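The model shown is predicted, which means the values in this text are computed figures rather than measured ones. Start at 1 and go down the list; that is how both ligands and their atoms are numbered.
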Amino acid sequence: MKKLGILAGVAGLAITTILFASGARSADDAKLEQLKQQGFARVAIANEPPYTAVAADGKVSGAAPDVAREIFKRLGVNDIVASISEYGAMIPGLQAGRFDVVTAGLFMKPERCAAVAYSEPVLCDAEALLVKKGNPKGFKSYADIAKDTSATIGAPGGGTEEKLALNAGVPRDRVIVVPDGQSGLKMVQDGRIDAYSLPVLSINDLIKKANDPNLEVIAPVQGAPVYCDGAAFKKGDEALRDAYDVELAKMKKSGEFAKIIEPYGFSAAAAMSTTREKLCSAK
Ligand code: 6CS
């Protein structure tokens, strides 16, 4: 996957140079033209169902890549090629040119909006905690975890839940970076952490598959906002982002957007009830 990414990057550079030399396109269209010539868009995902998923045979699915695949097809880019990344590495990877876009449920927040060019909203969700059955420590919020000096919480590195826990006052040494959902589940089952936090739909997917009667979901986490993601493009690729938004808006209007994301449990109405502008200016 990595080698393909490097080859694609070199090919992309060559194509962009030819397009500029031919004067065929403005800088704005060059990126989309490059992706068309390349034949695919390199997307960053986390492999966190139902947002993103990679099957044993390598097939990529999940609400975010499925929306992206359909939109890129409409833009003349035939496919997507996915690389799995930790949330905290997605924006640096995008800025370094390792991905063309992040389609992973990377929630819009002001600090991220300053670093990337987000599309309009796609997937919205609240936050949840996975705990032992009976919620023995009575957690309802990140502040509850902060108050209990013996409590530990697991969360994705560079992820929203890690930030929420730290901002609620949980000390750094009690916020444990967990690489993926399966690890977080196991750590709660083994009592190595008291809670594991992901968005509601991700935790629900984990607990359904675990089929373990000794686990419980606390959702929504009190005091935590409902977030929405968007496809995240590199600053400078706003023309590509705008072209993406045109197709996204058409799909929202026609009902095709709902047809893709709602079987995964997401609400099209929630994404259509807000905007990038509102989400990027949220306090
Ligand atoms: O945007 C984020 O940081 C969070 N989004 C998802 C879909 N899962 C966890 C991650 O922390």
Side-chain angles (χ1 to χ4, degrees), residues 43-54 60-68 82-94 99 101-130 142 145 153-168 170 175-185 187-188 193 195-207 209 217-221 224-233 260-261 264-267 270-271 274 276 279-280 282:
V43 303
I45 65 171
N47 194 15
E48 181 187 302
Y51 287 83
T52 58
V54 183
V60 174
S61 63
D66 284 5
V67 168
S83 304
I84 295 176
S85 167
E86 196 185 69
Y87 287 98
M90 289 177 181
I91 291 179
L94 182 72
F99 320 120
V101 60
V102 176
T103 60
L106 192 74
F107 291 145
M108 287 193 223
K109 298 185 283 184
E111 64 272 24
R112 287 176 174 172
C113 294
V116 302
Y118 268 113
S119 73
E120 287 297 333
V122 178
L123 304 175
C124 301
D125 203 354
E127 297 291 354
L129 298 174
L130 180 69
Y142 297 109
I145 297 170
I153 178 172
T160 297
E161 300 73 26
E162 178 188 49
K163 197 88 186 265
L164 287 167
L166 292 168
N167 290 348
V170 185
V175 182
I176 313 303
V177 171
V178 177
D180 55 61
Q182 287 306 323
S183 306
L185 175 84
M187 289 170 78
V188 173
I193 52 177
Y196 175 55
S197 190
L198 285 177
V200 173
L201 288 170
S202 306
I203 291 285
N204 286 348
D205 184 84
L206 274 178
I207 203 164
K209 289 172 183 166
V217 180
I218 307 298
V221 176
V226 169
Y227 289 104
C228 297
D229 87 327
F233 294 87
I260 293 176
I261 71 167
Y264 285 106
F266 294 97
S267 157
T274 187
R276 170 178 61 239
L279 294 164
C280 287

Q | Atom indices of ligand 1 within 4.0 angstrom of Pro156 heavy atoms, with elements | A | 9 (C), 11 (O)

Q. Do Thr103 and Val67 have side chains that get closer than 4.5 Å, going by heavy atoms?
A. no

**Q.** Test item: side-chain donor near acceptor, Tyr51 and Asp125, under 3.5 Å
**A.** yes

Q: Verify, without hydrogens or angle tests, whether Asp229 (side chain) and Gly105 (backbone) share a donor-acceptor contact under 3.5 angstrom.
A: yes

Q | Min heavy-atom dist Arg112 to ligand 1 below 4.0 Å | A | yes

Q. Under 4.0 Å from ligand 1, counting heavy atoms only, is it the side chain of Tyr87, its backbone, both or neither?
A. side chain

Q. Quick one: are Ser83 and Ile45 in side-chain contact, heavy atoms under 4.5 Å?
A. no

(Q) Please classify the Glu48 to ligand 1 contact at 4.0 Å (heavy-atom distances, strictly less than): side chain, backbone, both or neither. (A) side chain

Q) At a 4.0 Å threshold, what atoms of ligand 1 neighbour a non-hydrogen atom of Leu106? A) 1 (O)

Q. So, Tyr142 and Ser197: side-chain donor and acceptor under 3.5 Å apart, yes or no?
A. yes

Q. Which of the atoms in ligand 1, numbered in the order shown and given with their element, are less than 4.0 Å from a heavy-atom of Thr160?
A. 1 (O), 2 (C), 3 (O), 4 (C), 11 (O)

Q. Tyr51 heavy atoms, cut-off 4.0 Å: which ligand 1 atoms fall inside?
A. 7 (C)

Q) Given Glu86, Met90, Lys109, Glu161, which one has a non-hydrogen atom that is nearest to atom 11 (O) of ligand 1? A) Glu161

(Q) Check contact between Pro199 and ligand 1, using heavy atoms of the residue and a distance below 4.0 angstrom. (A) yes

Q. Where the side chain of Ser202 meets the backbone of Leu198, is there a donor-acceptor pair that is under 3.5 Å apart?
A. no

Q) Taking atom types as modelled, is there a side-chain donor on Tyr264 or Asp66 under 3.5 Å from an acceptor on the other? A) yes

Q | Atoms in ligand 1 flagged as close to Gly159, the criterion being non-hydrogen separation under 4.0 Å | A | 3 (O), 11 (O)

Q. Is there at least one pair of N or O atoms, one from Phe107 and one from ligand 1, spaced under 3.5 Å apart?
A. yes

Q) Are a donor atom and an acceptor atom from the side chains of Glu127 and Tyr227 found within less than 3.5 Å of each other? A) no

Q. Could an N or O of ligand 1 be found under 3.5 Å from any N or O of Gly105, whether backbone or side chain?
A. yes

